[in-house]
Undergrad: 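Please see the structure below; I have some questions.
Residue numbers run from 1 in the order of the sequence given.
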Amino acid sequence: MTGLLRGWDAERVRMNSRAWTGHFDEVPWDEIAAQFHATAAEHPVFRHMADVVDSVLACGGGQRLAGLTSMHDLVVTARPVPASSPIAVVVVHSPSSGHVGAGGVVVEHRSITGHDDRIFRTSDEAVPLFWRFMIEKFGVEPTRPALLGADG
């Protein structure tokens, strides 16, 4: 077996990871909320994006989660934010992302190991789906269980 490892260079081997690379430049949650509320006011198909951010604010998630936006997608990681990449993130894809159309939501975990998860649901399920990912991937639960919905 050791013969198979001869010449193996750990520096040249890369995992198939889609985790966040570079510095995670987090944005205050109230600014993210304002952005999604303004977008939803003009384009109602974005309402679920504002609802997800509102749920983070309502349960004090800002102390346990860091967020930013990438175009119209919401990108979230757990605090403390790692100082170097790769960084595991959860992405809530917006209707304009090309991943999902109006009436739907895709929530995706981009892990540092390459073992990503992606789930599509209708947009009315965005908040419970988001919190499912926060619990499963980062161990962060909302402080108000009602945010999870009936089938959490």
Side-chain angles (χ1 to χ4, degrees), residues 13-152:
V13 175
R14 300 220 185 247
M15 282 188 223
N16 186 18
S17 173
R18 295 178 51 232
W20 192 263
T21 57
H23 184 72
F24 192 91
D25 294 317
E26 67 179 286
V27 175
W29 283 103
D30 58 342
E31 290 180 28
I32 295 173
Q35 175 184 339
F36 280 120
H37 279 279
T39 302
E42 289 186 38
H43 308 282
V45 297
F46 282 82
R47 179 71 238 166
H48 67 281
M49 301 296 289
D51 292 343
V52 168
V53 176
D54 287 347
S55 76
V56 172
L57 290 169
C59 76
Q63 283 82 46
R64 297 169 289 149
L65 299 169
L68 57 81
T69 58
S70 176
M71 293 297 291
H72 295 117
D73 294 341
L74 174 64
V75 183
V76 180
T77 194
R79 291 185 186 277
V81 176
S84 61
S85 63
I87 300 170
V89 296
V90 168
V91 181
V92 181
H93 292 286
S94 73
S96 66
S97 68
H99 293 273
V100 64
V105 63
V106 171
V107 179
E108 177 181 26
H109 176 240
R110 295 182 178 178
S111 73
I112 60 173
T113 64
H115 296 283
D116 299 346
D117 282 325
R118 170 185 264 211
I119 297 178
F120 169 85
R121 293 287 187 268
T122 57
S123 59
D124 63 325
E125 298 179 72
V127 172
L129 184 59
F130 170 80
W131 283 105
R132 173 181 169 181
F133 273 76
M134 294 303 101
I135 293 165
E136 290 178 4
K137 307 307 179 186
F138 300 139
V140 174
E141 295 190 32
T143 55
R144 291 185 354 200
L147 292 174
L148 287 175
D151 62 352

Undergrad: Are any side-chain N or O atoms of T77 and backbone N or O atoms of V89, one a donor and one an acceptor, separated by less than 3.5 Å?
TA: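 No.
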Undergrad: I'd like to know if the side chain of R64 and the backbone of E141 have a donor-acceptor N/O pair within less than 3.5 Å.
TA: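 A pair under 3.5 Å: yes.
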Undergrad: If you compare all heavy atoms of G60 against all heavy atoms of Q63, which two are closest, and at what distance to 0.1 Å?
TA: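 The answer is O-OE1, 2.9 Å.
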Undergrad: Which value, rounded to the nearest 0.5 Å, describes the distance between E26 atom CD and R79 atom CZ?
TA: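 If I round to the nearest 0.5 Å, the distance is 4.0 Å.
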Undergrad: Would you please name every residue forming a salt bridge (Lys or Arg N to Asp or Glu O under 4.0 Å) with D51, sequence neighbours left out?
TA: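 Salt bridge (Lys or Arg N to Asp or Glu O under 4.0 Å) list for D51, sorted by chain: R47.
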Undergrad: Within the structure provided, determine whether I119 and V107 are in side-chain contact (heavy-atom separation under 4.5 Å).
TA: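 A side-chain contact under 4.5 Å is absent here.
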Undergrad: Measuring from D30:CG to H37:NE2, what's the distance to the nearest 0.5 Å?
TA: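 Between atom CG of D30 and atom NE2 of H37 there are 11.0 Å.
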Undergrad: Quick check against the 3.5 Å criterion: does S85 have a side-chain atom that pairs as donor or acceptor with the backbone of T21?
TA: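 Not confirmed, S85 side chain does not pair with T21 backbone.
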Undergrad: Would you check if W131 and V56 make a side-chain contact, meaning some heavy-atom pair closer than 4.5 Å?
TA: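 In contact.
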Undergrad: Which atom names give the shortest non-hydrogen contact between A66 and V81, and what distance separates them?
TA: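 Heavy-atom minimum between the residues: CB-CG2, 3.5 Å.
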Undergrad: What are the two closest non-hydrogen atoms of H48 and H93, and how far apart are they?
TA: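 Scanning both residues, the minimum pair turns out to be NE2-O, 4.4 Å.
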Undergrad: Any chance you could measure S111, atom OG, to R18, atom CZ, to the nearest 0.5 Å?
TA: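 Here the rounded value is 9.5 Å.
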Undergrad: Given side chains that start at C-beta, do those of V90 and E136 come closer than 4.5 Å, heavy atoms only?
TA: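 No, every pair of side-chain atoms sits at 4.5 Å or beyond.
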Undergrad: Of all heavy-atom pairs between V45 and P95, which one has the smallest distance, and what is that distance?
TA: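 Of all heavy-atom pairs spanning V45 and P95, the closest is O-CG, 3.3 Å.
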Undergrad: Could you tell me the separation between the OG atom of S96 and the CG atom of D73, rounded to the nearest 0.5 Å?
TA: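 One finds 6.5 Å between OG of S96 and CG of D73.
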Undergrad: Where do V76 and W29 come nearest, in terms of heavy atoms and distance?
TA: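 Looks like CG2-CH2, 3.8 Å.
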Undergrad: Answer yes or no: is there a side-chain heavy-atom contact under 4.5 Å between M49 and Q35?
TA: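 When only atoms from C-beta onward are counted, Q35 and M49 do not touch, as no gap falls below 4.5 Å.
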Undergrad: Minimum heavy-atom separation for A33 and D54, please, with both atom names.
TA: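 Scanning both residues, the minimum pair turns out to be CB-OD1, 4.4 Å.
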Undergrad: To the nearest 0.5 Å, what is the distance between CZ on F36 and OG1 on T69?
TA: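 One gets 6.0 Å once the value is rounded to the nearest 0.5 Å.
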Undergrad: Are the side chains of H72 and H43 in contact, using a 4.5 Å heavy-atom criterion?
TA: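 Heavy-atom side-chain distance check fails, nothing below 4.5 Å.
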Undergrad: Start with the C-alpha gap between F130 and V105, add the side-chain angles, then the distance that decides, and say whether side-chain contact (heavy atoms from CB on, under 4.5 Å) holds.
TA: CA-CA 10 Å; F130 170 80; V105 63; over 6 Å; no
Undergrad: So do the side chains of V92 and F133 get within less than 4.5 Å of each other, counting heavy atoms only?
TA: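 Not in contact.
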Undergrad: Hey, could you give me the CH2/CD1 distance between W20 and I112, rounded to the nearest 0.5 Å?
TA: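 Reported to 0.5 Å precision, the distance equals 16.0 Å.
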Undergrad: Can you pull the salt bridge (Lys or Arg N to Asp or Glu O under 4.0 Å) pairs that have at least one residue in residues 31-43, sequence neighbours excluded?
TA: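 Pairs touching residues 31-43 that pass the test: none.
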